Peer 1: 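Got a structure for you, written out below as structure tokens; questions coming shortly.
Since we're looking at a predicted model, the values are computed, not measured. Chain letters run A, B, ... following the sequence lines, proteins first and then strands; every chain starts at 1.
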Amino acid sequence: MKYPLYIAKRSVESTINNALLKLKYNCEIKIEIPPNELGDFAFPCFTLSSILKKSPNDIALEITKQIQKDKWIKKVEAKGGYINFYLDFELLKKSTFEVLFDNKVEYGTFEKKNKKVIVEHTSANPNGPLHVGRARNPIIGDTITRIFKAAGYNVESQFYLDDMGKQVAILAWGVNNLKEKDIPKYDYEKQDHKTVGYYQMASTLMKEKSEVSEEISKIVKLSEEGDKKILDMVHKAYNPVLEGIKESMKRINIEIDSYIPESNFVKNKSVDEVIEKLKKSDYCKDENGALFIDLEPFGIKGRNTKFFFLRSDGTTLYATRDIAYHIWKANQADILINVLGEDHKLESKQVEIALNLLNEKKIPKVIFYSFVSLPGGKMSTRQGRVVYLDDLIKECISQAYTEVKKRRKGELSEKEMKNIAEIVGIAALRFNIIKVQPEKDIVFKWEEALNFEGLSAPFIQYAHARTCGILSKTNFENKTFNSSYLTHDSEVKLIKTIAKFPLIIDEACESFRPHIITSYLFELASFFNQFYRDCPVISEENKDIRNARIGLVEATRTVLCNGLNLLGITAPKEM
RNA sequence: GGGCGUGUGGCCUAGCCUGGAUAAGGCACCGGCCUUCUAAGUCGGUAAUCGCGGGUUCGAAUCCCGCCACGUCCGCCA
């Protein structure tokens with residue numbers, strides 16, 4: 001492990017371990033990070049206290065006496081039942097800068113683990129543009145992908161393409177039977193928006209006219225049988241929509257590695273194997289020729305616990321094909337991650353139970369997110385209140401443009417302002433989604449999402465722009481840089497935060513919690529702003545201090561940039 | 001009816017998994033700071049029965065039980 005704070009942490013753990021051995025105390029060594037000014041690491045003695053029937057502080061004092069200091073540990077102090085460790089800051093500072101300037105864009109990342117991860121995300125029905133309710137999906141998925149890459153995994157992102165369900169069949173019928181004049185007007189010059197009208201209109205007709213409904217059912221049936229002509233027709237219908245979806249994602253810096261059509265698993269018969277194996281299961285039952293697994297013994301409760309995987313007409317269902325897809329994925333990766341809406345919880349559980357029955361060892365880790373809603377209540381197509389991801393993007397960029405213009409009109413060209421607005425607007429959007437844990441409901445309020453102050457992407461981007469502003473007026477030279485001149489309280493806090501970055505990536509990855517990155521970057525940017533206030537760089541007359549500060553600014557810029565990258569956010573040189 | 005998730009100052013969020021040092025931030029509001037590296041910044045202030053009620057514990061926002069509210073699911077849909 002190349003990162004100093006990790007080495008220091010291990011050193012603290014091992015010295016505690018030795019002290020406990022000497023005292024013949026036995027307990028798990030759990031290190032905490034204490035609140036302000038109480039040291040760099042802390043060891044709580046409360047657990048030992050209950051075992052040994054002594055006061056926590058007496059134990060802390062006793063252990064403290066046995067602590068062997070090493071080069072990392074400068075001071076040890078028992079206080080309030082904790083043992084607080086103060087690290088040798090000079091050493092931490094020097095070695096952190098060393099590893100940072102050696103690694104630069106790689107600072108914070110980990111060495112290759114030689115493990116493959118497949119992150120499945122978005123997987124939206126290609127029957128219309130992405131809508132805001134599911135806007136979290138691509139953003140969470142892409143951020144997870146980036147974090148796992150940084151953590152040293154070999155990551156592939158996948159979009160599971162539903163090319164044979166009822167939704168695309170409706171769309172295909174519409175595209176083939178309706179005229180452009182029959183469909184409602186569209187708001188965007190994008191393929192997905194131009195095409196969704198056919199789906200909406202066909203959907204209405206399907207409910208009104210039984211012959212339309214029958215024709216659509218025929219499309220579904222034929223595509224599930226793997227009819228190549230029908231699948232090709234459906235493909236032609238949804239492809240423009242998919243292109244539109246890709247375009248929207250690209251605009252918010254998301255590119256998915258592979259699109260895996262569901263029909264693959266019908267064509268290559270792997271779904272048939274799934275059925276054959278599930279049939280042999282003791283839990284498989286028959287109802288009028290349709291096959292299901294009763295999930296009640298597996299702890300599933302509700303009105304109906306039957307998981308149907310084969311229709312009485314012999315065709316498969318969505319979840320059945322999903323099982324085949326998961327088996328295929330499991331064969332080519334070590335870790336599977338899925339990002340799904342909370343409405344998929346049961347389906348996901350069904351797949352998991354089936355995978356277990358099929359003796360599949362690689363069970364996906366699923367990140368479920370709650371839907372984004374609007375203040376008025378639930379979003380519904382019928383009420384005509386659909387807000388698309390594209391609306392969100394447009395609004396964020398437009399608001400960002402207003403903000404840039406307010407500040408920089410006259411200084412920047414129109415083109416430059418537009419460019420910054422794009423970068424800032426998209427950043428605000430991604431950041432606002434990621435900063436909240438996926439399982440929390442989000443009620444999307446424009447005034448909050450478009451507030452570019454405080455805990456927001458522009459705050460962090462602005463700090464980055466400030467570092468670039470300083471660096472553009474100076475030169476950073478590694479050889480004239482001596483970190484021992486950095487002693488101001490604001491400098492110390494900033495450096496300690498920089499040293500923490502690799503631990504943050506590690507934690508975000510291990511716990512599948514990308515919002516840890518947003519909190520961290522906010523903290524880093526805040527400390528930089530305090531440094532900016534307290535420690536002049538360009539006007540600093542002492543040359544050694546000046547050079548050291550330039551180095552710190554460059555280091556901060558690196559970490560802010562690397563961190564924003566993890567979130568798929570561009571770090572602008574000016575704003 | 002049942003499963004799963006969420007409930008923290010006026011609003012939003014972190015902390016919950018792994019119980020401990022004064023419940024941490026942001027927005028809004030009030031009051032300071034631009035002749036000094038872009039004030040998208042910064043400093044200070046007001047503001048919280050951590051949904052409600054029990055329990056476990058030396059100690060509970062955190063663990064357990066019950067209740068309430070909201071979201072979501074319970075289809076031979078996807």
Peer 1: Does A:Pro56 or A:Ala465 map to a spot on RNA chain B nearer the 5' end, using the closest nucleotide for each?
Peer 2: A:Pro56
Peer 1: Taking everything shown except A:Lys435 itself, do over 12 heavy atoms lie less than 6.0 Å from its NZ?
Peer 2: yes
Peer 1: Mind checking the C1' distance from B:A39 to B:A47? Whole angstroms is fine.
Peer 2: 26 Å
Peer 1: Can you check side-chain contact (heavy atoms from CB on, under 4.5 Å) on A:Lys349 and A:Phe298, steps first, answer last?
Peer 2: CA-CA 10 Å; A:Lys349 195 75 193 163; A:Phe298 300 94; over 6 Å; no
Peer 1: Using a heavy-atom cut-off of under 4.0 Å over every strand shown, decide if A:Arg303 touches base, sugar-phosphate, or nothing.
Peer 2: base
Peer 1: Checking base pairs now: Watson-Crick or wobble, both atom distances under 3.5 Å. What partners B:G41?
Peer 2: B:C33
Peer 1: Quickly, which of A:Arg549, A:Lys496, A:Gln530 forms a side chain to side chain donor-acceptor pair (under 3.5 Å) with A:Glu491? Name it, please.
Peer 2: A:Arg549
Peer 1: Output the rounded distance in Å from NZ (A:Lys345) to P (B:U72).
Peer 2: 12 Å
Peer 1: What distance, rounded to whole Å, do you find between the two C1' atoms, one in B:C73 and one in B:A48?
Peer 2: 34 Å
Peer 1: So what does A:Glu447 touch, heavy atoms closer than 4.0 Å: a base, only the sugar-phosphate, or nothing?
Peer 2: nothing
Peer 1: Look at the side chain of A:Glu342 and decide which nucleotide, out of B:A40, B:G71, B:G20, has an atom nearest to it.
Peer 2: B:G71
Peer 1: Check A:Pro138 against A:Arg134 and note the closest heavy-atom contact, atom names and distance.
Peer 2: CD-O, 3.5 Å
Peer 1: If you measure from the P atom in B:A69 to the same atom in B:C52, how many Å do you get, rounded?
Peer 2: 15 Å
Peer 1: Could you tell me whether the phosphate oxygens of B:C76, OP1 or OP2, come under 4.0 Å of any side-chain nitrogen or oxygen in A:Asn304?
Peer 2: yes
Peer 1: Starting from P on B:A39, measure out to CZ on A:Arg533 and report it in whole angstrom.
Peer 2: 13 Å
Peer 1: When you get a sec, tell me which of B:A39, B:C74, B:A14 is the closest nucleotide to the side chain of A:Leu346?
Peer 2: B:C74
Peer 1: Tell me if the CD atom of A:Glu447 is crowded by more than 12 foreign heavy atoms within 6.0 Å.
Peer 2: yes
Peer 1: Counting neighbours of OH on A:Tyr283 that are heavy atoms of other residues, nucleotides or ligands and sit closer than 6.0 Å, is the number greater than 12?
Peer 2: no
Peer 1: Cation-pi between A:Arg466 and A:Tyr532: NZ/CZ under 6.0 Å from ring centre and within 45° of the ring axis?
Peer 2: yes
Peer 1: Would you measure the distance from the C1' atom in B:G31 across to the matching atom in B:C68 and give it in whole Å?
Peer 2: 41 Å
Peer 1: Here's a test of your reading of the structure: between A:Lys301 and A:Leu455, which maps to the more 5' nucleotide of RNA chain B?
Peer 2: A:Lys301
Peer 1: Just call it for A:Lys79: base, sugar-phosphate, or nothing, with non-hydrogen atoms closer than 4.0 Å on any strand.
Peer 2: base
Peer 1: Would you classify A:Asp322 as touching base, sugar-phosphate or nothing, given that sugar-phosphate means primed atoms plus P, OP1 and OP2, and contacts are heavy atoms under 4.0 Å?
Peer 2: nothing
Peer 1: What's A:Phe292 touching, base or sugar-phosphate or nothing? Going by heavy atoms closer than 4.0 Å.
Peer 2: nothing
Peer 1: For the side chain of A:Lys166, counting heavy atoms from C-beta on, which of B:C76, B:C77, B:C37 is nearest?
Peer 2: B:C77
Peer 1: What integer distance in Å separates A:Ile33:CD1 from B:G15:P?
Peer 2: 14 Å
Peer 1: Report the nucleotide, chosen from B:G26, B:C76, B:C37, that has the shortest atom-to-atom distance to any side-chain atom of A:Ile538.
Peer 2: B:C37
Peer 1: With a sphere of 6.0 Å drawn around CG of A:Asn475, does it hold more than 12 non-hydrogen atoms of other residues, nucleotides or ligands?
Peer 2: no
Peer 1: Contact class for A:Arg513 (heavy atom, under 4.0 Å): base, sugar-phosphate, or nothing?
Peer 2: base
Peer 1: Looking for any heavy atom pair under 4.0 Å, which part of the strands does A:Cys45 touch: base, sugar-phosphate only, or nothing?
Peer 2: nothing
Peer 1: Is there a stack between A:Phe371 and B:G71, judged by ring centres under 5.5 Å and planes under 30°?
Peer 2: no
Peer 1: Does B:U72 have a Watson-Crick or wobble partner in any strand here, with both distances under 3.5 angstrom, and which is it?
Peer 2: B:G3
Peer 1: Let's see if you can work this out: which of B:C76, B:G15, B:G5 has an atom nearest to the side-chain heavy atoms of A:His515?
Peer 2: B:G15
Peer 1: Choose from B:U42, B:C77, B:A40 the nucleotide whose nearest atom is closest to any side-chain atom of A:Asn529.
Peer 2: B:U42
Peer 1: Using atom C1' in both nucleotides, what's the gap between B:G10 and B:C64 to the nearest angstrom?
Peer 2: 33 Å
Peer 1: Looking across every strand, which nucleic acid part, if any, lies under 4.0 Å from A:Asn57 by heavy atom: base, sugar-phosphate, or nothing?
Peer 2: nothing
Peer 1: Base, sugar-phosphate alone, or nothing: which one does A:Ala463 contact when heavy atoms must sit under 4.0 Å apart?
Peer 2: nothing
Peer 1: According to a strict under-4.0 Å criterion, is A:Lys473 in side-chain N/O contact with OP1 or OP2 of B:U38?
Peer 2: yes
Peer 1: For B:C70 and B:C27, measure between their C1' atoms and round to the nearest Å.
Peer 2: 23 Å
Peer 1: With a 3.5 Å cut-off and heavy atoms only, can you find an N or O donor on one side and an acceptor on the other between the side chain of A:Ser539 and the base of B:C37?
Peer 2: no
Peer 1: Using the C1' atom on both, measure B:C50 against B:C16 and round to a whole Å.
Peer 2: 11 Å
Peer 1: Think A:Gln437 has a side-chain N or O under 4.0 angstrom from the OP1 or OP2 of B:U13?
Peer 2: no
Peer 1: Touch check for A:Glu32, heavy atoms < 4.0 angstrom, all strands: base, sugar-phosphate only, or nothing?
Peer 2: nothing
Peer 1: Between B:C30 and B:C37, how far apart are the two C1' atoms, rounded to whole Å?
Peer 2: 31 Å
Peer 1: Please pick, from B:A40, B:U22, B:G71, the nucleotide with the shortest atom-to-atom distance to any side-chain atom of A:Pro458.
Peer 2: B:A40
Peer 1: Looking at B:C37, B:G41, B:A21, which one has an atom nearest to any side-chain atom of A:Tyr82?
Peer 2: B:A21
Peer 1: Please classify the nucleic acid contact of A:Leu317 as base, sugar-phosphate, or nothing, using heavy-atom distances under 4.0 Å.
Peer 2: sugar-phosphate
Peer 1: Mind checking if A:Gly302 touches a base, just sugar-phosphate, or nothing, with heavy atoms under 4.0 Å?
Peer 2: base
Peer 1: With a 3.5 Å limit on both atom pairs, tell me what B:A47 is paired to, counting Watson-Crick and G-U wobble, or say none.
Peer 2: none
Peer 1: Measuring centre to centre across the rings, with the benzene-like ring taken for any Trp, is A:Tyr462 within less than 6.0 Å of A:Phe459?
Peer 2: no
Peer 1: Within the 4.5 Å heavy-atom criterion, are A:Arg321 and A:Tyr160 side-chain neighbours or not?
Peer 2: yes
Peer 1: For A:Gln530, answer base if it contacts any base atom (sugar-phosphate contacts may also be present), sugar-phosphate if it contacts only those atoms, and nothing otherwise; contact means non-hydrogen atoms under 4.0 Å.
Peer 2: sugar-phosphate
Peer 1: Whole angstrom is fine here: how far is it from NZ in A:Lys406 over to C1' in B:A39?
Peer 2: 12 Å
Peer 1: Nearest to the side chain of A:Met575, heavy atoms from C-beta on, is which of B:U38, B:C12, B:C76?
Peer 2: B:U38
Peer 1: For a quick test of reading the model: is some side-chain N or O of A:Tyr462 closer than 4.0 Å to OP1 or OP2 of B:A39?
Peer 2: yes
Peer 1: State which of B:C74, B:U38, B:A40 makes the closest approach to the side chain of A:Glu574.
Peer 2: B:U38
Peer 1: Which part of the nucleic acid does A:Glu224 contact within heavy-atom distance under 4.0 Å: base, sugar-phosphate only, or nothing?
Peer 2: sugar-phosphate
